[in-house]
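One structure is given here, and the rest of the page talks about it.
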Amino acid sequence: MALLVLAFVGLAVRGQELTERNYDDIKKEVLPTAAEEEWRKIDWHATLWDGVITGQADEKPIMLFAMNGHPFGCT
Amino acid sequence: MIARRSVWTDKQVVALAKDFACCADEVWRLQNVQDPDCVFFRQWCDEGGQLNGDGEQTTRQGTYCCTPSGKFLGSCNSRDPMVMATMLRSALAKWKAMDKKARLLDYDPETKVKDINRSESKYPKDGMALKVHSRDLNREGLNPSDWRTHALNLDFCWFTKDEMLRLIPKESFTKDTAWELPADLVRRSLRLSVKDNVRGQTAAYADNQIEKAAIKCKVDKIKKGVVYFAMEGEVKLTAEGRSIEGKLRGKGAWNVGKSRFDEFEWVIAGARTGRTQYNAREDDTGRAGIGFVFTLTGDKAVDRIAPAEFGSYGWR
């Protein structure tokens, strides 16, 4: 039973220890994948008013993605 | 966050987006501030009905289409690409049916920029801006179709030019140079950026909730005017109902001639406990792995978003 508990605790905290050896692996695990970065392919402006300026200049309608916290920052 | 991935990566949505001037923004400010862009938003945002329930202070999160002149074209709040594509097509049809004169403002919107006060205007062009990605580590065993299993968030961490220059020693470098990063900058960067926001926004830690925050540097090599150095440190933050701690390692490459970092990176791996009101941890409050990666930002507009806790930077 004690071994089982130890194994469970070990699993729960696995991956926390950062060493020179696993540095790149952890970095890769945290950073977004190519699929997670696909949204960047849209030619976004970072503010509503930049969208208005571009829409006015290019005679295009505006599409605004609005969230609590900037959608391209912490939200 | 999930909305970035679920809708804006869909091929038909991406194709439709080419017909729009696409932008993103923080909605609380748009709802509550008197700057011209915020007033502009409030003139039409509810014309398709409130997207998240009734009430003046109810969030207006969602996607909206309008003309530069401020005429409403459509809105929705959905993670379903089909719903989004339908709304965009409808908005485009309304735009095309509209008289050309009615689509545009009768003044140059550039003239209002000086009246718009927002954190992004403080972007440190001659300093250093870092992206901060956060993700749960090693969550195997959870349901892979559950977005929370692979949730990811992004924040930013800024340094003015003066602050950036304080990150390197004043004396000339040798291959044995070692130093500690300034405590005030390390404490600010870590307490404001290292937080459990993997599944959603959360409050930062206060300075008096820092138990450990220190980073030591040591030169690895000097080559062609660039000083390559390694960083090691740790962080431990504790507040009521939550904590986070981890080891930090990193690397930097200081270009002496250009007075800038060619590379600057921190990786933190550790554990978190607890939850906050809005970070969607729900009952997942036990000790579990979490990781953060700080890297230099790119130069697109989407890389110049202000840190979520910019108000705590104390910049004037």
Side-chain angles (χ1 to χ4, degrees), chain A residues 5 7-75, chain B residues 1 4-5 8-9 14 17 19-28 30 37 41 59-68 73 91-92 95 104-105 109-110 113 116 120 133 135 137-138 152-156 197 201 247 249 267 269-271 286-289 291-293 301-302 304-305 308:
Chain A
V5 170
F8 178 76
V9 169
L11 188 68
V13 299
R14 232 177 77 197
Q16 294 174 48
E17 276 303 318
L18 177 65
T19 65
E20 202 171 344
R21 181 176 283 193
N22 67 12
Y23 181 94
D24 287 334
D25 290 339
I26 287 178
K27 180 179 155 187
K28 189 177 171 192
E29 186 176 348
V30 173
L31 287 176
T33 61
E36 287 170 326
E37 291 280 80
E38 283 276 318
W39 61 270
R40 290 174 63 98
K41 289 187 175 170
I42 292 176
D43 186 17
W44 292 104
H45 295 279
T47 70
L48 168 58
W49 205 248
D50 285 337
V52 172
I53 290 168
T54 300
Q56 179 86 358
D58 296 351
E59 298 193 11
K60 280 184 168 184
I62 296 154
M63 179 184 74
L64 167 70
F65 176 29
M67 294 193 77
N68 292 325
H70 198 290
F72 302 145
C74 186
T75 188
Chain B
M1 284 302 291
R4 282 194 289 262
R5 298 202 301 267
W8 307 115
T9 59
V14 171
D19 289 326
F20 291 83
C22 300
C23 55
D25 216 327
E26 201 288 312
V27 79
W28 186 93
L30 293 176
D37 54 334
F41 173 74
T59 178
R60 265 61 169 190
Q61 286 191 129
T63 300
Y64 300 85
C65 293
C66 70
T67 66
L73 297 173
L92 265 180
W95 166 265
L104 303 178
L105 287 166
E110 290 270 11
V113 170
I116 296 174
E120 279 72 21
H133 284 99
R135 197 192 298 264
L137 292 176
N138 193 40
L152 167 75
N153 214 336
L154 168 63
D155 199 355
F156 293 85
N197 59 6
Q201 272 186 323
K247 298 283 185 199
R249 301 178 78 92
V267 174
R287 184 180 171 87
F292 299 84
V293 176
V302 294
R304 294 180 182 182
I305 310 304

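Reminder, nothing fancy here: chain letters follow the sequence lines and each chain counts from 1. Excluded from the calculations below are hydrogen atoms, water molecules and symmetry mates; all remaining heavy atoms, backbone and side chain alike, are included.
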Q: With sequence neighbours excluded, tell me which residues meet side chain to side chain donor-acceptor pair (under 3.5 Å) with Glu120(B).
A: Arg118(B)

Non-hydrogen atoms of chain A under 4.5 Å away: do they reach the side chain of [X], the backbone, both or neither?
X         : value
Phe156(B) : side chain
Ile116(B) : side chain
Leu105(B) : both
Arg249(B) : both

Best-contacting candidate, [options], against chain B by heavy atom pairs under 4.5 angstrom:
options                      : value
Thr19(A), Thr47(A), Asn68(A) : Asn68(A)
Asp58(A), Leu31(A), Thr54(A) : Leu31(A)
Ala57(A), Ala46(A), Gly51(A) : Ala46(A)

Select, from [options], the one with the greatest count of heavy-atom pairs under 4.5 Å involving chain A.
options                                 : answer
Leu73(B), Val267(B), Thr59(B)           : Val267(B)
Ala17(B), Ala308(B), Gly62(B)           : Gly62(B)
Gly286(B), Cys66(B), Ala91(B), Cys65(B) : Cys66(B)
Leu104(B), Asp37(B), Asp155(B)          : Leu104(B)

Q. Can you find a pair of side-chain heavy atoms, one from Ile305(B) and one from Leu154(B), that are under 4.5 Å apart?
A. no

(Q) Over 60° means perpendicular and under 30° means parallel, so tell me whether Trp8(B) and Phe65(A) are parallel, tilted or perpendicular. (A) tilted

Q) Which word best sums up how the rings of Tyr64(B) and Phe41(B) line up, parallel for under 30°, tilted for 30 to 60°, or perpendicular for over 60°? A) perpendicular

Q. Tell me, which pairs form a salt bridge (charged side-chain N to carboxylate O under 4.0 Å, His left out) where one or both residues lie in residues 43-55 of chain A, sequence neighbours left out?
A. none

(Q) Tell me the closest heavy-atom pair linking Pro68(B) and Gly55(A), and the distance in Å. (A) CG-C, 3.5 Å

Q. Shortest non-hydrogen contact from Glu17(A) to Ile26(A)?
A. O-CD1, 4.1 Å

**Q.** Stepwise ring-ring contact (aromatic ring centres under 6.0 Å, His included) test for Phe20(B) and Trp95(B)
**A.** CA-CA 10 Å; Phe20(B) 291 83; Trp95(B) 166 265; 8.5 Å; no

Q) Side chain, backbone, both or neither: which part of Lys41(A) has a heavy atom under 4.5 Å from chain B? A) neither

